[in-house]
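In what follows, a single structure is set out as structure tokens and then discussed.
Fair warning: this is a prediction, and the values are worked out from it, not measured in the lab. Chain A is the first sequence line, chain B the second, and so forth, proteins listed ahead of strands; every chain is numbered from 1.
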There are 2 protein chains.
Amino acid sequence: MVKYEAIANEIRHRITDGTYKVESLIPDQVSLSEEFKVSRMTIKKALDILALEGLIYRQRGSGTFVMKNSPLNEENAAVNEYDGLTKQMQGHKLESRIIKFTVEFPDEEIMQHLMIEKNMPVYNLVRLRIVDDKPYVLEHTYMPTDLTTGLTEDIIKGSIYKYIHDELKIKFSGAYRKIRADKSSKYDQEYLNCGVHDPILEVEQIVYLKDGRPFEYSRSRHRYDTRSYTFIDMNKKI
Amino acid sequence: MVKYEAIANEIRHRITDGTYKVESLIPDQVSLSEEFKVSRMTIKKALDILALEGLIYRQRGSGTFVMKNSPLNEENAAVNEYDGLTKQMQGHKLESRIIKFTVEFPDEEIMQHLMIEKNMPVYNLVRLRIVDDKPYVLEHTYMPTDLTTGLTEDIIKGSIYKYIHDELKIKFSGAYRKIRADKSSKYDQEYLNCGVHDPILEVEQIVYLKDGRPFEYSRSRHRYDTRSYTFIDMNKKI
DNA sequence: GAGTGGTCTAGACCACACA
DNA sequence: GTGTGGTCTAGACCACTCA
């Protein structure tokens with residue numbers, strides 16, 4: 001653990017446990033650098049993290065305030081959604097029903113999204129994820145076979161992301177997402193057990209590896225009444 | 001303009017114009033610090049920005065790569081949605097029809113979202129935003145009157161955000177958002193001119209000021225076929 | 001071992017708020 | 001003017017990759 005992370009954690013604790021009170025100043029950077037016996041630059045880097053999380057607000061000339069309590073500073077606000085559903089749903093009963101699992105050549109759209117040539121086979125995977133015995137999401141996933149070799153039915157019944165992370169040692173850099181509402185298709189109605197006129201919340205996602213290669217293209221279709229998509233958007237500029 | 005921003009801009013240009021080619025190394029930090037005649041720390045700070053934008057990927061021991069072209073590095077990927085619709089829709093014809101504009105005391109839900117007491121009056125505003133002569137979004141907005149004094153019909157017909165930014169000199173720190181799909185209400189059908197069974201994409205939003213005070217609570221209801229919500233989610237940890 | 005990026009330092013100067 | 005946070009420096013050491 002590097003120093004600035006450790007200091008950020010300590011200050012985060014002091015905010016959540018009330019040592020540093022909401023809407024009041026915390027000690028200035030010079031005092032903190034003396035307390036933690038580090039340089040001021042290191043303190044600033046720790047505070048940068050907390051500012052990005054929305055916990056504090058700094059004003060040149062005035063000092064550093066603890067922000068008012070808000071959804072921004074709940075512990076769970078910063079889930080990385082591309083960690084996969086298995087990780088998000090810890091503590092719940094999660095099953096996966098495999099509806100389709102084939103290897104095929106990509107069509108024009110998939111080629112574009114995954115930035116691959118037409119001769120690169122892709123996995124085409126449709127899974128119904130069932131949380132606490134209720135159908136939760138219908139996932140349509142495409143992955144190039146060269147990046148995720150060795151997928152088996154056993155693996156995709158559980159956590160693909162766990163396999164990729166633990167076995168293949170692959171790490172992600174981030175994801176592009178598009179969220180929209182849609183009418184339900186016959187497919188949705190059959191598997192998600194929703195009404196003919198029920199809306200669907202669709203999350204289209206491309207996950208990227210560290211080197212920028214697309215690793216997964218998926219469309220996740222949710223019942224409108226079981227899922228919303230929450231996130232925070234902090235201003236990077238001061 | 002500070003040095004690291006200027007350098008980040010210059011390197012961004014070199015990537016977009018092909019001087020630094022996709023999937024290849026860019027010069028190392030020492031070379032760049034010599035070229036720009038700055039310290040290595042300043043170069044690193046410039047590269048930090050580009051890494052957060054998803055343009056480059058750095059690997060200790062190896063160097064800094066230009067990421068493969070992706071939605072992540074399109075110019076428009078980083079719109080701040082709390083800048084308001086007027087700014088996002090530049091180049092389009094935008095009208096606002098005021099459906100409701102009152103001042104009232106907040107109910108329990110609004111009190112919680114805006115973190116105010118029950119004796120603090122709030123503006124309650126319903127606007128239909130019309131883009132290129134087509135109904136685009138129905139916005140239900142609540143704002144505490146103490147933060148945005150002096151709202152008039154003229155202002156809310158145009159850009160509230162412009163008024164707040166230019167006249168009141170208020171700046172935002174970020175926003176909390178929740179996106180969901182919903183069935184259309186009679187209200188939606190009347191104003192958005194959508195079918196009885198058409199889904200609605202709803203964006204619930206709380207915008208925060210620099211000091212953490214909530215400044216606006218709103219629900220924006222869109223026709224499902226005119227709006228999707230796009231964003232990128234970069235991994236902060238390396 | 002050489003070269004890369006990540007962290008950290010001690011100090012300097014600047015921009016800004018407030019009295 | 002004093003105190004705050006933001007930037008920048010020159011250099012050091014470390015962790016990692018690759019030959």
### Task
Tell me which nucleotide among D/dG6, D/dA10, C/dG5 gets nearest to the side chain of B/Arg58.
C/dG5
### Task
Could you tell me whether A/Glu117 atom CD has more than 12 heavy atoms of other residues or ligands within 6.0 Å of it?
no
## Note on the structure
Looking only at C/dC8, C/dA12, D/dC8, the nucleotide nearest the A/Arg40 side chain is C/dA12
### Distance-only side-chain donor-acceptor flag, B/Tyr217 / B/Glu204, under 3.5 Å
yes
### Message
I need the minimum non-hydrogen distance between B/Arg180 and A/Arg227, along with the two atoms involved.
### Response
CB-O, 4.4 Å
### Message
Of the listed nucleotides (C/dC8, D/dT17, D/dT9), which one gets closest to any side-chain atom of B/Ser62?
### Response
D/dT17
### Task
Please confirm whether the backbone N or O of A/Lys178 pairs with a side-chain atom of B/Ser228, one donor and one acceptor, at under 3.5 Å?
no
### Query
If pairing requires Watson-Crick or G-U wobble contacts with both distances under 3.5 Å, which nucleotide is the partner of C/dA19?
none
### Task
For B/Lys3 and D/dG6, give me the distance from atom NZ to atom P, rounded to whole Å.
19 Å
### Nucleotide D/dG6, atom P - distance to CD1 of B/Ile49 in whole Å
14 Å
### Task
Round to a whole Å and report the spacing from NZ of A/Lys44 to P of D/dC8.
10 Å
### Message
Rounded to whole Å, how long is the line connecting atom CG of B/Leu25 with atom P of D/dC18?
### Response
11 Å
### Query
Counting side-chain heavy atoms from C-beta on, which of C/dC13, C/dT9, C/dG5 comes nearest to B/Asp28?
C/dG5
### Query
Can a side chain N or O of B/Thr42 be found less than 4.0 Å away from OP1 or OP2 on D/dT7?
no
### Query
Any side-chain N or O of A/Tyr4 less than 4.0 Å from the OP1 or OP2 oxygen of C/dT7?
yes
#### Entry: Nearest-Å distance for atom pair CD1/C1', residues A/Ile26 and D/dG5
11 Å
### Query
Hey, is the side chain of A/Arg60 pairing donor to acceptor with the base of D/dG3 inside 3.5 Å?
no
### Query
In whole angstrom, what separates A/Phe65's CZ from C/dA17's P?
11 Å
### Selected nucleotide, minimal atom distance to A/Gln29 side chain, candidates C/dT9, C/dT7, D/dG6
D/dG6
### Query
So what does B/Val30 hit on the nucleic acid, given a heavy-atom distance under 4.0 Å: a base, only sugar-phosphate, or nothing?
nothing
### Interatomic distance, A/Ile43 CD1 vs C/dA10 C1' [rounded to whole Å]
14 Å
### Task
Establish, with yes or no, whether the OP1 or OP2 oxygen of D/dT7 is under 4.0 angstrom from a side-chain nitrogen or oxygen of B/Lys45.
yes
### Task
With DNA chain C as reference, determine whether A/Gln59 or A/Met1 sits nearer its 5' end, using the nearest nucleotide of each.
A/Met1
### Message
Strictly below 4.0 Å, N to O, side chains only: are B/Asp48 and B/Arg58 in salt-bridge contact?
### Response
yes
### Message
Keeping A/Thr148 on the side-chain end and A/Thr145 on the backbone end, is there a donor-acceptor pair under 3.5 Å?
### Response
no
### Message
Is A/Ser39 close enough to C/dG11 that one of its side-chain N or O atoms is under 4.0 Å from OP1 or OP2 there?
### Response
no
### Query
Within this structure, what is the CG-to-P distance between B/Leu50 and C/dG5, rounded to whole angstrom?
13 Å
